[in-house]
Amino acid sequence: MARVKKKKDGKVPKWMYWTPRIASIFMLLFLTVFSFDVFDTGLGFWGTTLAFFIHNIPVIVLAVVLWISWKREIVGGIAFILAGLLYILQMVINAINNPIEWYMLSYSMIIVGPLFFIGILFLIGWNRKKR
């Protein structure tokens, strides 16, 4: 098993520093794609603009979290994991209120899995830097 060399000056390897940040950017772009459905609603310019903004509120919040966690990995670690947990909670509440097939809850793993992965990577980077 390959070991990651820990540098004595408290720095983490470059790949461990950049992976959660790049993955976060890709995740934000992926979430933004879901908001493009507002352009087919025929709401007019201001209605479409408002709907596009409302659909992207989670993306904006996570972008601010990414900006803060660029230097403070603990913020990113906690926030991305909490975002995943909040999404799971929202999906369960929706499943209780609107009966759906049980396997449809597994679709949420497409969003939750990367959020947990990014959060864990931020926590690992924070932990290694702390040592």
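If you're wondering where the values come from, they're calculated on a predicted model, not measured in any experiment.
Each of F117 and W15 belongs to its own hydrophobic cluster when Ile, Leu, Val, Met, Phe, Trp and Tyr are linked at side-chain heavy-atom distances under 4.5 angstrom. One hydrophobic cluster, built from ILVMFWY side chains closer than 4.5 Å, cannot hold both F80 and L89; they sit in different ones. By the rule that hydrophobic residues join a cluster once side-chain heavy atoms approach within less than 4.5 Å of another member, Y107 and L31 end up as members of one cluster. Both V112 and L29 sit in one connected hydrophobic cluster of ILVMFWY residues. Membership requires side-chain heavy atoms under 4.5 Å apart, directly or through other members.
By the 4.5 Å heavy-atom criterion applied to side chains, L66 and F122 are counted as neighbours. The shortest distance between side-chain heavy atoms of M16 and I124 falls below 4.5 Å. Side-chain atoms of T32 and H55, non-hydrogen and from C-beta on, never get closer than 4.5 Å to each other. Looking at heavy atoms from C-beta onward, F30 lies in side-chain contact with I111 at the 4.5 angstrom threshold. Contact check for V38 versus L43: no side-chain heavy atoms found under the 4.5 Å cut-off. I88 has its side chain within reach of F116: a pair of non-hydrogen atoms, C-beta onward, lies under 4.5 Å apart. Residues L85 and I81 are in side-chain contact: their nearest non-hydrogen atoms beyond the backbone lie under 4.5 Å apart. With a 4.5 Å cut-off on side-chain heavy atoms, I118 and T19 do not count as touching.
Rounding to the nearest 0.5 Å gives a distance of 12.5 Å between CG of L115 and CD1 of I110. Put simply, CD1 on I60 and CD1 on I54 are 10.5 Å apart, with the number rounded to the nearest 0.5 Å. Taking CG from L121 and OG from S24, the interatomic distance works out to 8.5 Å, rounded to the nearest 0.5 Å.
Classification of R21 and E73 as a salt-bridged pair holds, one side-chain N sitting under 4.0 Å from a carboxylate O.
Side-chain atoms of T48 do not come within 3.5 Å of backbone N or O of F45 as any donor-acceptor pair.
Within a 6.0 Å radius of CH2 in W67, no more than 12 heavy atoms belonging to other residues, nucleotides or ligands are found.
Between L62 and A83 the shortest heavy-atom distance is CD2-CB, 4.1 Å. Contact detail for G76 and S69: the closest heavy-atom pair is N-CB, 3.2 Å.
Every residue two or more places apart in sequence or in another chain that forms a ring pair (Phe, Tyr, Trp, His ring centres under 6.0 Å) with F52 is listed here: F36, F39.
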